[in-house]
Each structure stands twice: as C-alpha cells, then as structure tokens.
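Worksheet for the structure shown next.
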Amino acid sequence: MKNEGYYLSIEAITSMVLLGLLLAMPLHEGRPGLYDLHLFKKENDMLLLWARQPERLSEAQLLQDFEFAFGGKSGLIVWNGNSIALGKGEESVSSKAVFFDRQMKKHEIRLVVFKQDLP
C-alpha cells in the first residue's frame with residue numbers, strides 16, 4: 001500500500017509541473033495569417049510582368065498597374081532611380097527586381113506596398 005501512494009504523488013507532481021509549463025508558454029498576440037505572403041506574391045507577379053515588357057513602362061503605366069493590383073493601398077515604386085510615391089505607411093512588404101532589356105541595358109525596379117489602406 002505504501003508504494004501505490006508514493007507513485008501517485010510523483011504522477012501528481014509531474015502533472016502539476018507540466019500544467020505550469022503549459023500555462024507559462026507565451027501565446028500568439030494575433031492570428032497568424034497569409035496576408036504578407038499574399039502581398040509578396042502579388043508584388044513578384046507585378047515585377048515579372050514589368051520585366052517582360054520594359055519598353056512599355058512609363059510612369060502612367062506603372063501607376064495604372066499598381067492601382068489595378070493593389071487598389072486602395074499606398075506604396076512606393078522605384079524605377080531606374082525615379083521614385084513614385086503613392087501615400088505613406090509604416091509596415092510594408094517590399095520586392096526588388098533587376099533585369100536586362102534586349103539592348104543589355106540594366107533596369108532595376110523596387111516595389112513597396114504598405115499594409116495600411118489609403119485614408
């Protein structure tokens with residue numbers, strides 16, 4: 001009889017320690033989602049589209065494509081050193097592409113999309 005009570009108390013102590021460890025673990029503050037990955041994928045698709053047709057790119061075309069893909073979002077487009085700002089924000093997702101056209105001229109495009117919507 002003495003042995004059964006001894007094993008029962010070790011099991012109870014182990015269970016209490018495990019319960020305490022579980023309660024001490026930090027919880028996620030927000031629900032993890034795929035929103036950042038979705039923005040990143042859309043940015044990369046946009047950069048691929050622009051890289052395939054560099055001769056048709058102009059500031060108006062870049063703005064039109066950005067509004068179509070990211071309607072209601074603010075962002076920043078950097079095309080060969082020229083910046084086009086579309087609002088401001090704090091948290092962002094950014095992508096960059098470097099490619100060469102048919103004349104072997106180097107082009108660089110950076111696309112930044114801010115997570116906040118335009119006011």
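- A distance of 11.0 Å separates CG in Leu18 from CG in Leu23, rounded to the nearest 0.5 Å.
- The two residues Ser94 and Val112 come nearest to each other via the heavy atoms OG-CG2, 3.5 Å.
- Remark: Ser58 OG to Gln64 CD distance equals 8.5 Å, nearest 0.5 Å.
- Evaluation of the salt bridge (Lys or Arg N to Asp or Glu O under 4.0 Å) test over residues 33-51, restricted to residues two or more places apart or in two chains, returns Asp36-Lys115, Lys41-Asp45.
- Listed by chain and residue number, Phe66 satisfy the ring-ring contact (aromatic ring centres under 6.0 Å, His included) test with Phe70 (two or more places apart in sequence, or in another chain).
- Looking at Lys88 and Ser74, their side chains never come closer than 4.5 Å, going by heavy atoms from C-beta outward.
- In the hydrophobic clustering of this structure, Trp79 groups with Leu111; members are Ile, Leu, Val, Met, Phe, Trp, Tyr whose side-chain heavy atoms approach within less than 4.5 Å, directly or through other members.
- Residues passing the side chain to side chain donor-acceptor pair (under 3.5 Å) test with Gln103: none are found, sequence neighbours excluded.
- Contacts of His38 classified as side chain to side chain donor-acceptor pair (under 3.5 Å), with partners at least two apart in sequence or in another chain: none.
- Partners of Glu55 by salt bridge (Lys or Arg N to Asp or Glu O under 4.0 Å), not counting sequence neighbours: none found.
- In the displayed structure, Tyr35 atom OH is contacted under 6.0 Å by more than 12 heavy atoms of other residues, nucleotides or ligands.
- Cluster partners of Met25 are Leu22, counting Ile, Leu, Val, Met, Phe, Trp and Tyr whose side-chain heavy atoms approach within less than 4.5 Å, directly or via other members.
- Around the CD atom of Gln53, the shell of radius 6.0 Å holds more than 12 heavy atoms that belong to other residues, nucleotides or ligands.
- Both Leu49 and Ile109 are part of a single hydrophobic cluster, where members link through side-chain heavy atoms under 4.5 Å apart.
- Every side chain to side chain contact (heavy atoms under 4.5 Å, CB included) that Ile84 has, sequence neighbours left out, goes to Glu59, Leu62, Leu63, Ile77.
- Note on Val93: it clusters hydrophobically with Leu47, by side-chain heavy-atom contacts below 4.5 Å among ILVMFWY residues.
- A pairwise comparison of heavy atoms in Gly72 and Glu67 identifies N-OE1, 4.4 Å as the closest pair.
- Among residues two or more places apart in sequence or in another chain, the salt bridge (Lys or Arg N to Asp or Glu O under 4.0 Å) test is passed with Glu108 by Lys96.
- Rounding to the nearest 0.5 Å gives a distance of 11.5 Å between CD of Glu91 and CG of Leu39.
- By the salt bridge (Lys or Arg N to Asp or Glu O under 4.0 Å) test, Asp65 is found to be paired with Arg56, residues two or more places apart in sequence or in another chain being considered.
- To the nearest 0.5 Å, atoms CZ (Phe114) and CG (Leu86) are separated by 9.5 Å.
- The cluster map of Ile, Leu, Val, Met, Phe, Trp and Tyr, joined by side-chain heavy atoms under 4.5 Å apart, puts Met46 and Leu57 in the same cluster.
- Remark: Phe99 pairs with His107 by the ring-ring contact (aromatic ring centres under 6.0 Å, His included) rule, at least two apart or across chains.
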